[in-house]
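Let me begin by presenting the structure, written as structure tokens, before commenting on it.
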Amino acid sequence: MKFSVTTNDAISARCDCLVIAVHDNGRLSACASKADRASKGLVTRLLKQKDISAKPGSTLMVPAPQEMAASRLLLVGLGDKPDVDDFAAAAAAAARSLCRSPTRKAVITLAEIAVANCDPRARARLVVEALAVAAYRFDQLKSSNNKNDKSGLVRVTLTARTTAATAARRGVGEAQAIANGVHLARDLGNLPGNICTPSYLARRARQLGRSHGLRVSVLDEARMKALKMGALLSVSRGSREPARLIVMEHRGGKRGEAPVVLVGKGLTFDAGGISLKPAASMDEMKYDMCGGASVFGALLAAAELKLPLNVVGIVPSSENLPDGAANKPGDIVTSMSGKTIEILNTDAEGRLILCDALSYAERYKPDTVIDIATLTGACVIALGQPATGLFVNQDGLAKELLSAGDEARDRAWQLPLWKTYQKQLKSPFADIGNIGGRSAGAITAACFLSRFTEGMRWAHLDIAGTAWKSGAGKGATGRPVPLLCRFLINRAGAR
Ligand code: BES
Ligand code: MN
Ligand code: ZN
């Protein structure tokens, strides 16, 4: 799908579908009233007949009258005084309708409409994001006669007032890069565990390096052993697929400038190990690499946007399976940091691979480290699907991430990292246990990680509830790529 911005008159545009907004109480947007005139009152008539309501999110596609250059009109309800939520709902509904129709070339006027607290750049971004989400399909593993209907949309033109065109173009560019990152994260997440293995992720990283100018290196198990990554290696020992530690670097900032390091959990399948998970929905544990996938997505977007920042992505990747060589409850391993860990539950494996990756991150002398992980079922219970769990050891960073999430409509909510929770991790035999009991499970998991990030400006994002959807529309969401991208863009802009 190709996007562009024009300041030309939309009404005379030759296209398969012209998208215009209608408001409550018969008021027509500037475009709608032009279209109304051009169509001898068709728009007013449709509203009057209640063929379309002006509720945000309602849509009606009709053949355009002969007088117009467009073949179809898509009317989109936008309420009375639309806020950002109304606008996003309208954009999403318009995008769905367009993607279901035979439209190949669309002209969309929605971004011209004034929205409270939402500038032309943000409006353009929302329209592009909505289209990217609606057009996404994952059918690469279906044979050709079973593929889902692909959207035919190939060219989308957004109209903008002359004074807003530059801002709208920036919004389109940003949204396209972010959408590409989201798309990559969703594809990697949706791939099954027998295809998307640690070595597969490493290959994809190398490809990304070649196509987008990232510096990529991959550590194999021998290197990890030399680095004494005993926690990470103890997890992969129970699997036939060798672990990988993938490092991708975007060097857009000054030489020597301290990087932002993103560390993503890349568990390509989590059966729980000897503490085996129940069978129901175990297939969903192929998504346990979505934190890693979001690091791929964020680095892709950073590279496409040529952000003037140094960003390092680290993805520790392994499977967690039961096997004769697997971790057993009670086993004690030594992490790269030197801390010993008593593994009381082999299903709390994410923190085991992450702690060594976080220790490895230290060598980049990071300005900020953010880890992203489908870490705990407890976080799903606490926050559900709307919000990612956020844990931070520095207030300024919490603010930056929370507002990045708000701006990107990919929200996070902060949970406490108070010292009092740390005692739940006490072990009688090792420096630390890998679980903290039933209560406050998302918090004690974060506490565990905090023991390996002392001295770094660090945040942990628990995306167990946000990275994928269950049920009929099952699939990876690409979250929190939008949040991460907004965080990076804001940082790049701040300097
Ligand atoms: N990958 C899971 C977390 C998870 C569970 C994500 C359900 C999404 C949905 C993680 O490795 C895990 O198994 N965590 C355990 C930790 C427990 C043993 C302390 C959990 O949450 O049950
Ligand atoms: Mn697990
Ligand atoms: Zn896991």
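If you're wondering where the values come from, they're calculated on a predicted model, not measured in any experiment. All ligand and atom numbering here is 1-based and tracks the order in the structure.
Scanning the protein for heavy atoms near atom 19 (C) of ligand 1, the closest one is Ile435 CG2, 3.4 Å. Of the protein's non-hydrogen atoms, the one nearest atom 15 (C) of ligand 1 is Asp347 O, 4.0 Å. In terms of protein heavy-atom proximity, atom 22 (O) of ligand 1 is nearest to Gly377 N, 4.5 Å. At the shortest separation from atom 10 (C) of ligand 1 among protein heavy atoms lies Leu375 O, 3.3 Å. Protein heavy atom at the shortest distance from atom 2 (C) of ligand 1 is Asp270 OD2, 3.6 Å.
Between Glu349 and ligand 1, an N or O atom pair is found at a separation short of 3.5 Å. Checked by distance only, ligand 1 and Val380 stay at 3.5 Å or farther apart across all their nitrogen or oxygen atoms. Some N or O of Asp288 is nearer than 3.5 Å to an N or O of ligand 1, by distance alone. Considering backbone and side-chain N/O atoms, Thr376 never comes within less than 3.5 Å of an N/O atom of ligand 1.
Across Leu305 and Ala177, no two heavy atoms sit closer than the pair CG-CB, 3.5 Å.
Here is the list of ligand 1 atoms found below 4.0 Å of a heavy atom in Trp468: 8 (C), 9 (C). For ligand 1, the atoms lying closer than 4.0 Å to a non-hydrogen atom of Asn345 are 18 (C). Residue contact check: Lys277 has heavy atoms under 4.0 Å from atoms 12 (C), 13 (O) of ligand 1. In the vicinity of Met285, heavy-atom distances shorter than 4.0 Å reach the ligand 1 atoms 1 (N), 4 (C), 5 (C), 6 (C), 7 (C), 8 (C), 9 (C).
Nearest N/O/S atom of Glu349 with respect to the Mn ion (ligand 2) is recorded as OE1. The Zn ion (ligand 3) lies closest to atom OD2 when only the N/O/S atoms of Asp288 are considered. With respect to the Zn ion (ligand 3), Asp270 has OD2 as its nearest N, O or S atom.
At a threshold of 4.5 Å between non-hydrogen side-chain atoms, the residues Tyr364 and Glu249 count as touching. Arg125 is not listed as a side-chain neighbour of Arg409, based on a closest heavy-atom distance of 4.5 Å or more.
Taken to the nearest 0.5 Å, the CD1 atom of Ile370 stands 8.0 Å off from the CD atom of Glu400. For the atom pair OG (Ser151) and CG (Leu131), the distance works out to 8.5 Å, reported to the nearest 0.5 Å. Between atom NZ of residue Lys399 and atom CD of residue Gln414 there is a gap of 10.0 Å, rounded to the nearest 0.5 Å. Note that the CH2 atom of Trp458 and the OG1 atom of Thr368 stand 13.0 Å from one another [nearest 0.5 Å]. A distance of 11.5 Å separates CG in Asn345 from CD1 in Ile274, rounded to the nearest 0.5 Å. Once rounded to the nearest 0.5 Å, the distance linking CD1 of Ile332 with CD1 of Ile343 reads 9.0 Å.
Note on ligand 1: Arg351 sits in its first shell, one or more heavy atoms being nearer than 4.0 Å.
Judged by the 6.0 Å distance and 45° axis criteria, Arg186 is positioned over the aromatic ring of Tyr136.
Residue Lys265 touches ligand 1 through its side chain alone, judged by heavy-atom distances below 4.0 Å. Within the 4.0 Å heavy-atom criterion, neither part of Asn320 lies near ligand 1. Here Arg438 has no heavy atoms under 4.0 Å from ligand 1, in either its backbone or its side chain.
At a cut-off of 2.8 Å, Glu349 is counted among the residues with an N, O or S atom near the Zn ion (ligand 3). Under 2.8 Å from the Zn ion (ligand 3) lies no N/O/S atom of Leu267, from backbone or side chain alike.
In this structure, Asp149 places its CG atom where only 12 or fewer heavy-atom neighbours from other residues, nucleotides or ligands lie under 6.0 Å away.
Summarising the contacts of atom 6 (C) of ligand 1 with Ser470, Ala378, Ala464, the nearest heavy atom is found in Ala464.
Below 30°, between 30° and 60°, or above 60°: for Tyr287 and Trp468 the angle between ring planes is below 30°, a parallel geometry.
Test Lys423, Gln422, Gln424 against Thr420 for side-chain hydrogen bond (donor to acceptor under 3.5 Å, both in side chains) and you get one pass: Lys423.
For the residue pair Asn327 and Glu349, no side-chain donor N or O sits within less than 3.5 Å of a side-chain acceptor on the partner.
Geometry at the Mn ion (ligand 2): OD1/Asp347 and OD2/Asp270 form an angle of 100°, nearest 10 degrees.
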